[in-house]
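Take a look at the structure set out below.
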Amino acid sequence: MGTKGREMVGEHADRIIELLNKAYADEWLAYYQYWIGAKVVEGPMKDAVMAELLEHAADELRHADLLTTRIIQLGGTPVLSPKEWYSFTNCGYDPPEDPYIVPVVDQNIKGEQCAITTYHKMMQETRDIDPITYNLALQIVSDEVEHEEDLQSLKEDFKKILK
Ligand code: FE
Ligand code: FE
Ligand code: MG
């Protein structure tokens, strides 16, 4: 976005860029957590879990793309180095050390719940100052709500199969 577009957010640009960069770090970590989870996951229904994890990984990478586009529009610099992801992240990273389907899905549910909180807060903070970022957060949080639901319904299926 050019100068007029940036004028719309005025003095709030730095704060909005900070929020976007924090979410951007979250998305890369979420992407990797899903991606590596899909590689190592074990147990009954492994194939169904793997397919869901890979689908979500692709969504998280798409979210990172959307966020970086907005950061650049606002005149900011997206986090340039993976080692900075840990200092920016809101939601952190859980390595799938226990590859069994249940802990892997639980770790990702926790991540989705944190993502929902993060984007909900981003919406509250940008509602009156940056409708474009507000709309972006709304778009992303809709996916995160779907992700949480998908993983929780996988867990319901585990209960049926594991009893
Ligand atoms: Fe995401
Ligand atoms: Fe997600
Ligand atoms: Mg899904």
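One is the number of the first residue; the rest follow in order along the sequence. These numbers were taken from a predicted model, which means no experiment stands behind them.
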For D94 and Q33, what are the C-alpha separation, side-chain angles and deciding distance, and is it a side chain to side chain donor-acceptor pair (under 3.5 Å)? CA-CA 7 Å; D94 267 341; Q33 190 175 312; 4.9 Å; no
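- Taking all atoms of both residues into account, the shortest heavy-atom contact from D98 to V104 is O-CG2, 3.6 Å.
- Checked by atom type, the side-chain pair H56/E52 shows a donor-acceptor distance below 3.5 Å.
- Checking Y24 against W28 by side-chain atom types alone, a donor-acceptor pair falls below 3.5 Å.
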Derivation and outcome, side chain to side chain donor-acceptor pair (under 3.5 Å), residues Q113 and E148: CA-CA 7 Å; Q113 290 174 340; E148 184 204 29; 2.8 Å; yes
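- Geometric assessment of K83 against the ring of W85 yields a negative cation-pi assignment under the 6.0 Å and 45° thresholds.
- Once rounded to the nearest 0.5 Å, the distance linking CD of E112 with OG1 of T118 reads 10.5 Å.
- Between the side chains of E144 and H63, at least one donor N or O lies within less than 3.5 Å of an accepting N or O.
- The existence of a salt bridge linking D130 and R6 is excluded, since no basic side-chain nitrogen approaches an acidic carboxylate oxygen closer than 4.0 Å.
- If you take CG on L66 and CD1 on I140, they are separated by 5.5 Å, rounding to the nearest 0.5 Å.
- Taking the charged nitrogens against the carboxylate oxygens, R62 and E27 have no contact shorter than 4.0 Å, which rules out a salt bridge.
- By the 6.0 Å contact criterion, NE2 on H12 is enclosed, its count of non-hydrogen atoms from other residues, nucleotides or ligands being greater than 12.
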